[in-house]
Amino acid sequence: MNQKTYDCYVKILKTELVPALGCTEPIALAYASAKAVDVLGDFPDRMEALCSGNIIKNVKGVKVPNSGGLKGVEAAVILGAAGGDASKVLEVLESVQEKDRERTAALLKDRFCTCLLKEGVPNLYIEIHAFKGAETAVVRIEQTHTNITFISRNGAVLFEKEAVSQEAMTDKSLLNLNDIITFAEEVDLDLVKDCLERQIEYNMAISEEGLKNNWGAGVGRTILETFGQDVRWKSIARAAAGSDARMSGCSLPVIIISGSGNQGMTCSLPVIEYARSTGASHEKLLRALCISNLTAQDQKRYIGPLSAYCGAVCAAAGAGAGITYLCGGTAEQIENTVINTIVNAGGITCDGAKPSCAAKIFSSLQAAFLGHSLAMKGFRFEAGEGLAMDTAEDTVKAIGYMGREGMRQTDIEILNMMIGKTDLSSI
């Protein structure tokens with residue numbers, strides 16, 4: 001492969017595989033809030049959060065980490081203001097103490113923060129207003145969870161930049177499945193080892209927590225109790241257990257991808273467990289993780305950061321590709337694993353971040369393991385069968401277009417039902 005593509009893939013891995021404490025949407029709110037308090041220079045009298053529909057959707061049902069079980073936009077904003085450290089970015093709530101949780105609970109009752117839907121903005125959009133008497137501060141985040149595009153104090157603009165798309169921030173136009181496989185086989189692992197080793201360490205830690213203790217619906221533990229210790233079930237349980245813990249407020253950080261902890265765990269934990277259970281070398285595992293992470297990114301670049309398409313499917317297809325590589329699969333078999341997975345499970349919708357995400361991870365990874373098994377037998381869903389196209393990359397594009405454009409109205413209707421704008425009794 002050419003040097004430009006090689007360097008691009010290294011940069012994508014280093015940029016995408018970063019730590020975050022808790023579900024990234026409430027964390028992004030807390031980060032913007034903590035930053036707004038810093039800009040204001042004092043604790044505000046009240047705050048407002050203007051959010052895109054997808055932010056509201058992904059925060060409504062998930063517990064804010066280190067909050068003592070609180071949920072929702074207002075809880076995330078207030079906790080960020082009360083105890084957040086903006087300098088820690090996606091680990092902004094790591095330093096929260098009991099006094100901060102108590103203050104947050106009290107301010108929630110006093111309606112200290114108001115959440116408003118902001119229309120006509122990118123799917124990932126947060127604007128925090130902090131007020132202290134006549135003093136004001138505004139912080140805006142767009143396109144990615146840490147991308148501050150605007151800061152003002154008392155109406156004076158302190159910082160402003162163009163809200164470029166996520167794709168423009170890290171060039172992913174060179175991603176394609178064939179080059180991803182070549183890169184994984186050829187890359188000097190010293191260039192990416194640190195971020196991959198951290199992904200293994202952090203994500204395995206939260207998975208262990210999810211398997212050992214009662215978090216959420218206990219999907220990961222239930223998988224093992226119901227289906228046993230076969231390597232496939234263990235691999236799926238790993239990812240589901242991590243989501244069990246993360247979606248229910250566990251304070252352990254994870255390594256995200258596409259701005260998502262659930263996706264970061266889904267495309268890494270099954271590959272890690274499968275490699276360890278089957279005795280694959282550590283080098284083979286790291287190369288498999290290159291395939292898994294980059295394959296997930298290849299799909300997400302066509303869909304966008306937030307949509308009605310469940311990102312766990314993209315991540316699961318990546319995990320399936322990584323597992324096929326671990327099993328000695330050819331480039332064709334790895335590509336066919338991706339086709340078989342997304343043609344099967346590509347219709348799973350995203351109705352926000354919440355404990356049931358662990359169940360969607362379970363379903364997506366079942367599809368990935370089936371796709372892997374079919375590919376290893378030489379089977380793929382053929383072009384013309386639904387959205388299966390002539391090539392793996394064209395199939396990824398077709399499913400991505402469906403997720404981005406075809407499901408746009410679906411996203412709106414999901415949000416309307418979640419915030420009570422749809423009268424279900426009239427349906």
- Query: Could Glu201 and Arg198 be called an ion pair, given the rule that one side-chain N must be under 4.0 Å from one carboxylate O?
  - Reply: no

- Message: Whether the side chain of Asn66 engages the backbone of Ser95 through a donor-acceptor N/O pair (distance < 3.5 Å, no angle test) should be reported.
- Response: no

- Task: Establish, from distance only, whether the side-chain atoms of His372 and Thr337 form a donor-acceptor pair under 3.5 Å.
- Result: no

- Item | Residues Tyr302, Tyr309; criterion ring-ring contact (aromatic ring centres under 6.0 Å, His included); working and verdict | CA-CA 11 Å; Tyr302 297 111; Tyr309 185 100; over 10 Å; no

- Note on the structure: When Asp351, Asp411, Asn123 are each screened for side-chain hydrogen bond (donor to acceptor under 3.5 Å, both in side chains) with Lys57, the one that passes is Asp411

- Just wondering, do Leu70 and Leu79 contact through their side chains at under 4.5 Å, heavy atoms? no

- Sole residue of Leu289, Val192, Asn293, Asp194 in side chain to side chain contact (heavy atoms under 4.5 Å, CB included) with Leu17: Asn293

- Around Lys60, counting heavy atoms of other residues, nucleotides and ligands shown, do more than 12 lie under 6.0 Å from its NZ? no

- Query: Looking at Lys99 and Glu102, does any basic side-chain N land under 4.0 Å from a carboxylate oxygen?
  - Reply: no

- Task: Check the angle between the aromatic planes of Phe183 and Tyr9 and answer parallel, tilted or perpendicular using the 30° and 60° thresholds.
- Result: perpendicular

- Message: Tell me if a side-chain donor or acceptor on Ser268 pairs with a main-chain N or O of Gly264 at a distance below 3.5 Å.
- Response: yes

- Test: Arg238 and Glu208 ion pair at under 4.0 Å: yes

- Task: Give a yes or no on whether Lys35 atom NZ has more than 12 heavy-atom contacts from other residues, nucleotides or ligands under 6.0 Å away.
- Result: no

- Message: Would you say Glu16 and Ser258 are linked by a side-chain donor-acceptor pair, where the criterion is simply a distance under 3.5 Å?
- Response: no

- Item | Electrostatic pair Glu393-Lys397, nearest N-O below 4.0 angstrom | no

- Under 3.5 Å donor-acceptor, Arg380 side chain and Ile339 backbone: no

- Are more than 12 heavy atoms from other residues, nucleotides or ligands located less than 6.0 Å from atom CD of Glu332? no

- Is a side-chain donor or acceptor of Asn176 paired with a backbone partner of Asn178 at a separation under 3.5 angstrom? yes

- Query: Got a second to check how far Ser260's OG is from Asn58's CG, nearest 0.5 Å?
  - Reply: 8.5 Å

- Item | Under 3.5 Å donor-acceptor, Ser33 side chain and Val77 backbone | yes

- Side-chain donor or acceptor of Tyr125 paired with backbone N/O of Gly120 under 3.5 Å: no

- Angle class for the Phe379/Phe381 ring planes (parallel below 30°, perpendicular above 60°, tilted otherwise)? perpendicular

- Is Thr114 reaching over with its side chain to a backbone N or O of Glu48, donor-acceptor style, under 3.5 angstrom? no

- Message: What I'd like to find out is whether the side chain of Val338 reaches to under 4.5 Å of the side chain of Thr395, using heavy atoms alone.
- Response: no

